[in-house]
2 protein chains.
Amino acid sequence: MAASDYPKPSVTVDVVIITLRAEELQVLLVKRDLAPYKGRWAVPGGFVHLDESLETAARRELHEETGVADVYLEQLYTFGDPGRDPRGRVISVAYIALVPAPLTVEAGSDAREARWWSLSKLPPLAFDHDKMVQLALTRLRYKIEYSAVGFRLLPECFTLSELQKAYEIILGEPLDKRNFRRRIMEAEVIEPTDDIRAGEGRPARLYRFRRDAVAEVKARRLFP
Amino acid sequence: MAASDYPKPSVTVDVVIITLRAEELQVLLVKRDLAPYKGRWAVPGGFVHLDESLETAARRELHEETGVADVYLEQLYTFGDPGRDPRGRVISVAYIALVPAPLTVEAGSDAREARWWSLSKLPPLAFDHDKMVQLALTRLRYKIEYSAVGFRLLPECFTLSELQKAYEIILGEPLDKRNFRRRIMEAEVIEPTDDIRAGEGRPARLYRFRRDAVAEVKARRLFP
DNA sequence: TCAAAAGTGTTTGTGGTACACCCATGG
DNA sequence: CCATGGGTGTACCACAAACACTTTTGA
């Protein structure tokens, strides 16, 4: 019953890379230039090297596609149904990555075509990647409510209005300005910077996320 | 870049089987009778067959160890650091299973020794299984607060006192009897049966979990 | 001086928490 | 009739939600 007695599946990592662009949530997809599903859009990913951890593999893929390094990355789910890949048994460990808003991707190291897609208007996807993207979205919506991952979709500095707007987009509902500001200040997860952003109308103070913030809240209990 | 160009890791599933026994949370461990870590206790698991899904493999392991079939099973996390198994690269997809309270295990199909261990008094574990068990416990505590998975640790019929006791054990804190009863009835997740359990003192009505119950509550928002 | 966005408190309602006594049965 | 666990209602407090006007700048 040693490991080598069994035929082995292949193992890949796929990274659902999500950002906030053009007032909506978008996901980065690549066009496959090889069979199977040649020409279809897919979540970027690749085989795990034998000497790297799963997270390292995910960061490598992420870096190859976007050039960014220090971003939020979390394991999402492992997909392993037989038959999900026509090449044979392939088990895929999916990750979710959140990258800051104004990221111009273009020019991954591959020649593959890559572009952002609105999460509400996705093309047909290769493999079981539609399930993967849906799960990532569910998890993000869920997690954003009780933790501070939302900040990982914003640039380092932002105004309170931009922050509120981001939350409205992610949650899909409008929020009250005064309640939002009060609560976010009470939560002590952001701190003011010395900078001001001018634009149309009155200039706004810029804030940044406090890295030391304890940004999790206990869930409301179903029955205490 | 075909799948076969890469050397492949082995893939296993491990199942953290949790139950409620002797007024505490316990986990089922097996004593390894082969190297590596021969003689150490470990989370039950095994290699994934090429023609079965990950969940099927997990249910197979679960059934081999406990004989039970229809229990709560959920994917927990995939552990894949190189070096976590001295035999070579082994990636393990961990599942968490909740089995109903009065389960007498004994006599798995293997000859391996298996027994329940209190989660607060674990022996040294093989591989990275200590991390695995800790993660399972964290997830259970967390999940129990906003969903109804707690019922999966109870037999089909139970009294309200038994249910409250179970919640107190899982959450690790005492609960108020009247508040608990009011809230659980309002949640409409259980229904009374026609049966009564007699014992010492006044007999208690038996309840059962409503399978149709929508038993998730929205998390309290960090900032709305 | 006007347009545009930033910023700022109070009131009201709901839900969470704390708390003590009577009831039904078996021995 | 007594011991044991089962079952029930109310009062207070804290936090969430609703709501409108003043301020600062650039054009």
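Computed from a predicted structure; not experimentally measured. What you see below is based on every heavy atom in this structure, not just the backbone, and it leaves out hydrogens, waters and symmetry mates. Labels below follow one simple rule: chain letters A, B, ... track the order of the sequence lines, proteins then strands, and each chain is numbered from 1.
Rounded to a whole Å, the CZ atom of Arg183(B) is 18 Å from the P atom of dG9(D). For the pair Phe180(B) CZ and dG6(D) C1', the computed distance is 14 Å after rounding to whole Å. Distance NZ (Lys177(B)) to C1' (dC23(C)): 11 Å, rounded to an integer number of Å. As rounded to whole Å, 11 Å separates atom P of dA5(C) from atom NZ of Lys165(A). With rounding to whole Å, Glu186(A) atom CD is found 8 Å from dA16(D) atom P. If you take CG of Asp176(A) and C1' of dG9(C), they are 12 Å apart, rounded to a whole angstrom. Between Arg181(B) atom CZ and dG5(D) atom P the separation is 13 Å, expressed in whole Å. For the pair Ile196(A) CD1 and dT23(D) C1', the interatomic distance rounds to 13 Å; values are reported in whole Å.
In terms of the side-chain contact (heavy atoms from CB on, under 4.5 Å) criterion, residue partners of Ala204(B) (sequence neighbours excluded) are, by chain and number, Thr159(B). In terms of the ring-ring contact (aromatic ring centres under 6.0 Å, His included) criterion, Tyr95(B) has no residue partners (sequence neighbours excluded). Judged as a side-chain contact (heavy atoms from CB on, under 4.5 Å), and not counting sequence neighbours, the contacts of Pro124(B) are Arg40(B).
Along DNA chain D, the nucleotide nearest Ala198(A) and the nucleotide nearest Glu162(B) are compared for position; the residue whose nucleotide lies closer to the 5' end is Glu162(B).
Listed by first and then second residue, the side-chain hydrogen bond (donor to acceptor under 3.5 Å, both in side chains) pairs that reach into residues 193-204 of chain A are Glu162(A)-Arg197(A), sequence neighbours excluded. Sorted by first then second residue, the salt bridge (Lys or Arg N to Asp or Glu O under 4.0 Å) pairs that include residues 129-142 of chain B, not counting sequence neighbours, are Glu74(B)-Arg139(B).
For DNA chain D, the neighbouring residues in residues 200-208 of chain B, judged by any heavy atom under 4.0 Å, are Glu200(B), Gly201(B), Arg202(B), Pro203(B), Ala204(B), Arg205(B).
Here the closest heavy-atom approach between residue Ile96(A) and residue Ile18(A) is recorded as CD1-CD1, 4.0 Å.
Judged by distance alone with a 3.5 Å cut-off, no donor-acceptor contact links the side chain of Asn179(A) to the base of dA16(D). Between the side chain of Arg178(B) and the base of dT10(D), no donor-acceptor pair of N or O atoms lies under 3.5 Å.
Between dA17(D), dA18(C), dA6(C), one nucleotide has an atom nearer to the side chain of Arg182(B) than all others, and that is dA18(C).
OP1 or OP2 of dG5(D) has not a single side-chain nitrogen or oxygen of Ser161(B) nearer than 4.0 Å.
When side chains are defined from C-beta on, Thr12(A) does not count as touching Val48(A), because their heavy atoms never get closer than 4.5 Å.
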